[in-house]
Amino acid sequence: MHLPIGISNFKTLITETDLTGNHYLFVDKTLFIYDILNNLAETILITRPRRFGKTLNMSMLYHFLSAEIDGRPTQGLFNNLKVAAHPECMQHQGKYPVIFLTFKDIKSSSFEDFYASICNLIGDLYESHEQILLGDKLTVYQKKQYRLVLEREAVYVNIKTALLDLTFYVYQHYGVKPIVLIDEYDTPIQTAYVNNYYQEMIDFMREFLSSALKDNAYLQKAVLTGILRIAKESLFSGLNNIKIYSLLDSTYGEYFGFTEPEVAALLEKTNLSHNIKDVKIWYNGYQAGDTILYNPWSIINYLVERGKLSPYWINTSNNTLVKELLINSSAGFKEQFETLLQDNPIEKLITENFVFTYLTANESLVWSLLLMSGYLKITSSTQMELGQLCKLEIPNNEVKILYRVIIAEWLSGVNDAAIFNEFLTSLLVGKIDTFVNNMRTIMLQTFSVHDVKGSEPEKFYHGFMLGLLAGIDRKQYNIESNKESGLGRYDIAIIPNDTAKLGIVLELKSLGKQLDPTDLDLRLQEAANIALQQIDHKQYVATMQQHRIKHCLKVGVAFGGKELAVVHRMDDLT
């Protein structure tokens, strides 16, 4: 059995073999074609996370609709597939001129580089339809304009309308309105945002896409895929004929990603059915409407590696935007994120219309980005006036590993990650001196890029501590925050599953925003002592006793700007 790692060309997937004559393993999603053809919308946008089969499905549509690709006929490619059971659909096979464009590899560091890339991409697209120049349907002037794009000599204004112009040229030549397929339409936009040329990109893409998709008399139908639904106000202004399907919709839910029955069949074919529980923990958890999905990239890699559980999907991108958003988020955001890391859900209003320029000012958009990009999942939702109120969770173990890596990288700063790991280990075994020294190092590095004098310093420090502790192995420890115990609510408790290991209660204090350097050390020490006394007076160790923990480390921590003081005591609870 030949497993298709990184193959997104439909014809290659279903016709080619390896040296031993084995065909590629193919999960039949061809009923997607049937559903697309039966959708009356003129323009369809489907958003899904990266590596969820968008490019392959678009290649499949391309091969179905077009009579030939690169001079090779497409007839017969679908005869033994599910769509062949629908003769009314098969009547459309090979009947349309198709304009197929993918932006998945357009990831330029500047607008100048992007523009050079788009000129080459459009030039290649025009070259694939070069036979138009051999006909007599275009005027001499139109052929001249066509050749300018083909030869990469067109000016900026002509490149912006090149897609619209090509639909006209194709219609004039064949007498049939073309179908436009655009794969990963938002990849250049996300890249532009990260590299600080977002507005230039939006200005270009708005005209490039809208001119071709809005009121185009030469267009039969358009299908677009991407990760995010860029707001109409930003990109699709005035485009009222577009129908959008995101992870919040059931429509097309089963076609992007592997369903549970499909995964079960794949595991059976590869003799890995005995590992299905582990596979579910690592790669399941996604949901499109009512359809439960597995990450297809990770599943295929898991099969190739003969059952090795590893974070395959998260290693396919540098995750730059996600890292920046998490690192620079508010203390309140980090505290909510810790709730997710504890395998508890949170409820958030999800806005599907995405505007990148609002991202840093409106943290509610960050939750939407994480969801649509595959870093969170929906377990339930309720339609509200301003969007959908969704219950969100981390989808699986693979994504949770990514979050811990991001947190570790942030908190270790320019220092070696070993310092961060030593910080955690020293706390868990009660080596307080090492814990404090490493914490000071981390604070000095991390706080240099964070405002520790915000409106709520207590929340900042609480979120900071929760971030530090996110690297602790949750298979061995439960980390709880602001839970009732004894006569009050402790700040943080680290509860081991092994009752012989050390339980830890941390109480945090802050000197506030106004930091007089006079006697700062003394006041920090006094505040740390008050925190330790509070652990005793409020009987926070009750939660450890309930879990039958034998030994408890009580830690009082006081913060003042970039300084801290720590006092502690070890208690025997037996």
CG (L389) and CD1 (I350) are apart, to the nearest 0.5 Å, by 9.0 Å
Does any non-hydrogen side-chain atom of L163 lie less than 4.5 Å from one of I182?
yes
Which residues pass the ring pair (Phe, Tyr, Trp, His ring centres under 6.0 Å) test with Y252, not counting sequence neighbours?
F32, Y245
Just to verify, what does K160 make a salt bridge (charged side-chain N to carboxylate O under 4.0 Å, His left out) with, not counting sequence neighbours?
E207
Would you find more than 12 non-hydrogen atoms of other residues, nucleotides or ligands less than 6.0 Å from L134 atom CG?
yes
Would you find more than 12 non-hydrogen atoms of other residues, nucleotides or ligands less than 6.0 Å from Y218 atom OH?
no
Hey, is CZ on F100 packed in by over 12 heavy atoms from elsewhere, all under 6.0 Å?
yes
Less than 4.5 Å apart, any side-chain heavy atom of I159 and any of Y156?
no
Test: D343 and K400 ion pair at under 4.0 Å:
yes
Please step through ring pair (Phe, Tyr, Trp, His ring centres under 6.0 Å) for the pair F114 and F111, ending with a clear verdict.
CA-CA 5 Å; F114 161 76; F111 185 76; 5.7 Å; yes
Quick one: does S66's side chain have a donor or acceptor within less than 3.5 Å of a partner on E68's backbone?
yes
Are side-chain heavy atoms of M60 and T30 found at a separation under 4.5 Å?
yes
Side chain to side chain donor-acceptor pair (under 3.5 Å) with T55: which residues, sequence neighbours excluded?
D183
Side chain proximity check, T47 to D186, heavy atoms < 4.5 angstrom:
no
Quick one: does T225's side chain have a donor or acceptor within less than 3.5 Å of a partner on E184's backbone?
yes
Is there a donor-acceptor pair under 3.5 Å between the side chain of N39 and the backbone N or O of A41?
yes
Can you see whether E254 engages T259 through a side-chain donor-acceptor pair at a distance of less than 3.5 angstrom?
no
Contact between L359 and L369 at the side-chain level, heavy atoms closer than 4.5 Å - yes or no?
yes
Check whether the side chains of S364 and N362 place a donor and an acceptor atom closer than 3.5 Å, and report yes or no.
yes
List for me each residue that meets side chain to side chain donor-acceptor pair (under 3.5 Å) alongside Y255, sequence neighbours excluded, and say none if there are none.
D35
Is T139 reaching over with its side chain to a backbone N or O of Q142, donor-acceptor style, under 3.5 angstrom?
yes
For the residue pair Y198 and F356, is the inter-centroid distance of their aromatic rings smaller than 6.0 Å?
yes
Here the gap from L371 atom CG to S246 atom OG, rounded to the nearest 0.5 Å, amounts to 8.0 Å
Residues that Y197 engages under side chain to side chain donor-acceptor pair (under 3.5 Å), provided they are two or more places apart
none
Determine the interplanar angle of the Y146 and Y126 rings, folded into 0 to 90°, and report it as parallel if under 30°, tilted if 30 to 60°, perpendicular if over 60°.
tilted
Considering residues, nucleotides and ligands other than Y141, do more than 12 of their heavy atoms fall under 6.0 Å from its OH?
no
Evaluate side-chain contact (heavy atoms from CB on, under 4.5 Å) for I44 paired with I242, printing each intermediate quantity in order.
CA-CA 6 Å; I44 298 168; I242 186 169; over 6 Å; no
Contacts of W367 meeting ring pair (Phe, Tyr, Trp, His ring centres under 6.0 Å) (sequence neighbours excluded), chain-then-number -> F333
Under a 4.5 Å cut-off applied to non-hydrogen side-chain atoms, are L247 and P49 in contact?
yes
Would you confirm whether S210, through its side chain, and L235, through its main-chain N or O, come within 3.5 Å as a donor-acceptor pair?
yes
So do L61 and L181 actually touch side chain to side chain, heavy atoms under 4.5 Å?
yes
Check the side chains of Q336 and K348 for a donor-acceptor pair under 3.5 angstrom, ignoring hydrogens and angles.
yes
Under the 3.5 angstrom rule, does the side chain of N158 hit a backbone N or O of A154 as a donor-acceptor pair?
no
Who are the salt bridge (charged side-chain N to carboxylate O under 4.0 Å, His left out) partners of E42, not counting sequence neighbours?
none
Just by distance, do the side chain of Q287 and the backbone of G289 share a donor-acceptor pair under 3.5 Å?
yes
Show the numbers, then the answer: is there a side-chain hydrogen bond (donor to acceptor under 3.5 Å, both in side chains) between N295 and R51?
CA-CA 8 Å; N295 186 316; R51 303 285 185 173; over 6 Å; no
Just by distance, with hydrogens left out, do T167 and N216 show a side-chain donor and acceptor under 3.5 Å apart?
yes
Does any N or O in the side chain of N120 come within less than 3.5 Å of the main-chain N or O of G123, such that one atom is a donor and the other an acceptor?
no
Under 30°, 30 to 60°, or over 60°: which ring-plane class applies to F52 and Y286, parallel, tilted or perpendicular?
perpendicular
Could you pull out all residues at least two apart from W313 that satisfy ring pair (Phe, Tyr, Trp, His ring centres under 6.0 Å)?
Y375
Side chains of H92 and Y96, donor plus acceptor under 3.5 Å
yes
Is there a donor-acceptor contact under 3.5 Å from the side chain of T191 to the main chain of S108?
no
For T379, give me all partners under side chain to side chain contact (heavy atoms under 4.5 Å, CB included), at least two apart in sequence or on another chain.
K377, K391, E393
Pairing residues for H63 by the ring pair (Phe, Tyr, Trp, His ring centres under 6.0 Å) criterion, not counting sequence neighbours:
F10
How are the rings of F208 and F204 set relative to one another: parallel (under 30°), tilted (30 to 60°) or perpendicular (over 60°)?
parallel
Please indicate whether K107 has more than 12 foreign heavy atoms, meaning atoms of other residues, nucleotides or ligands, lying under 6.0 Å from its NZ.
no
Might you work through the side-chain contact (heavy atoms from CB on, under 4.5 Å) test for I227 and K54, ending with a clear yes or no?
CA-CA 9 Å; I227 294 175; K54 297 188 294 295; 4.2 Å; yes
Where at least one partner belongs to residues 108-131, residue pairs that pass salt bridge (charged side-chain N to carboxylate O under 4.0 Å, His left out), sequence neighbours excluded:
D124-R152
Between atom NZ of K143 and atom CZ of R147, what is the distance when rounded to the nearest 0.5 Å?
6.5 Å
For the atom pair OG1 (T187) and CG (L228), what is the distance rounded to the nearest 0.5 Å?
9.5 Å
Could you walk me through whether F168 and D165 pass side-chain contact (heavy atoms from CB on, under 4.5 Å), step by step?
CA-CA 5 Å; F168 169 77; D165 295 339; 5.7 Å; no
Do I46 and L224 have side-chain heavy atoms sitting under 4.5 Å apart?
no
Using the side chain to side chain donor-acceptor pair (under 3.5 Å) criterion, which residues pair with S298? Sequence neighbours excluded.
E398
Would you say the side-chain atoms of S368 pair up with the backbone N or O of T351, donor to acceptor, closer than 3.5 Å?
yes
Set out, in order, the CA-CA distance, both residues' side-chain angles and the distance that settles side-chain contact (heavy atoms from CB on, under 4.5 Å) for N57 and K29, then state yes or no.
CA-CA 8 Å; N57 279 347; K29 302 280 189 179; 4.0 Å; yes
